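Have a look at the structure below, then the notes.
Predicted model only: the values in this text are computed from it and were never measured.
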Amino acid sequence: MPELQRLRPEHAPALLTFERENRAFFAASVPDRGDDYFTHFAAQLAERLAEQAAGACHFHVLVTQGGEVLGRFNLVDVADGEAELGFRLAENATGRGLATATVRQLFTLCTTPYALTRLRAAATVTNTASRSVLTRTGFVPTGEEPVLGGERGVGYVRDLATGPSGGV
């Protein structure tokens, strides 16, 4: 079973491979990161790790025993007990329940070491896979319709203190 790990500098080569190999797959459902992301990957990663060290974000990777990155699960804009959840899973890892299981696992990290009580998320209307994961893990639509990479989206929220049925 893959392991959820907090992002570290040594993940860089596998993370870059993950992003490159899945770029077209991701671009079909989420805004593309653009060429600049790949050209300046090392600097971008250093910035993310600095944000993480400051407590502004918590970045995670889902990693196989062999070190392959299968997914990213990020908590960004951490403030006042809340954060925004973003995630992406490699094409070859989809359809097995890994995203749903990992988001549920992330809830424990959110409430214990990170002291978060509420998560926000958003997905494009056409990204049915991510929207399904959010719904299965107890996120509820907020009625907000954010624009994500020029596409209409759906906003979600998940109260971690009570969860969808009284608990995490």
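Cation-pi contact between R131 and Y156: absent, since separation from the ring centre below 6.0 Å together with deviation from the ring axis within 45° is not met.
Take D36 and apply the side chain to side chain contact (heavy atoms under 4.5 Å, CB included) test, not counting sequence neighbours, and it matches H40, Q44. The side chain to side chain contact (heavy atoms under 4.5 Å, CB included) check on D77 picks up R120, with sequence neighbours excluded. The ring-ring contact (aromatic ring centres under 6.0 Å, His included) test applied to H11 returns no partner, not counting sequence neighbours.
If you take CD on E82 and SG on C110, they are separated by 11.5 Å, rounding to the nearest 0.5 Å. The structure places CG of L134 at 6.5 Å from CG of L85, a figure rounded to the nearest 0.5 Å. From L62, atom CG reaches atom OG1 of T102 across 4.5 Å, with rounding to the nearest 0.5 Å.
F107 and L119 make their closest contact through CE2-CD1, 3.9 Å (heavy atoms, listed as atom of the first residue, atom of the second, distance). Annotation for T100 and V133: closest pair OG1-CG2, 3.7 Å, computed over non-hydrogen atoms. Nearest heavy-atom pair across A83 and L75 is CB-CB, 4.1 Å. Across P146 and A122, no two heavy atoms sit closer than the pair CG-CB, 3.9 Å.
Here the side chain of H60 pairs a donor or acceptor atom with the backbone of F73 at under 3.5 angstrom. In terms of modelled atom types and a separation under 3.5 Å, the side chain of S29 and the main chain of T126 share no donor-acceptor contact. A donor-acceptor pair under 3.5 Å is absent between the side-chain atoms of T94 and the main chain of A90, judged by distance alone.
Taking 4.5 Å as the limit, every side-chain heavy atom of F87 sits out of range of all side-chain heavy atoms of L106. With contacts defined as side-chain heavy-atom distances shorter than 4.5 Å, the pair N74/C57 does not qualify. Put simply, the side chain of L109 reaches to within 4.5 Å of the side chain of P113, judged on heavy atoms. With contacts defined as side-chain heavy-atom distances shorter than 4.5 Å, the pair V140/T135 does not qualify. By the 4.5 Å heavy-atom criterion applied to side chains, E19 and R72 are counted as neighbours. Counting heavy atoms from C-beta on, the side chains of E21 and E91 never come closer than 4.5 Å. Looking at L70 and N92, their side chains come closer than 4.5 Å, going by heavy atoms from C-beta outward.
Pairs engaging residues 135-151 under the salt bridge (Lys or Arg N to Asp or Glu O under 4.0 Å) rule: E145-R152 [sequence neighbours left out]. Annotation: side chain to side chain donor-acceptor pair (under 3.5 Å) contacts involving residues 61-71, sequence neighbours excluded, are absent.
One hydrophobic cluster, built from ILVMFWY side chains closer than 4.5 Å, cannot hold both V154 and V147; they sit in different ones.
Under a 4.5 Å side-chain heavy-atom criterion applied to ILVMFWY residues, the cluster that includes L16 comprises L7, L15, F18, F25, F26, V30, Y37, F38, F41, L45, L49, F59, V61, V63, V69, V76 as well.
Side chain to side chain, S130 and N127 meet the donor-acceptor criterion of an N or O pair below 3.5 Å. Using a 3.5 Å distance cut-off with no hydrogens or angles, the side chains of R6 and H58 do pair a donor with an acceptor.
Heavy-atom contacts from other residues, nucleotides or ligands closer than 6.0 Å to CZ of R118 number 12 or fewer.
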Inset, instruction - Go through the steps for L116 and T111 under the test side chain to side chain contact (heavy atoms under 4.5 Å, CB included), then give the verdict. - result: CA-CA 5 Å; L116 298 174; T111 57; over 6 Å; no
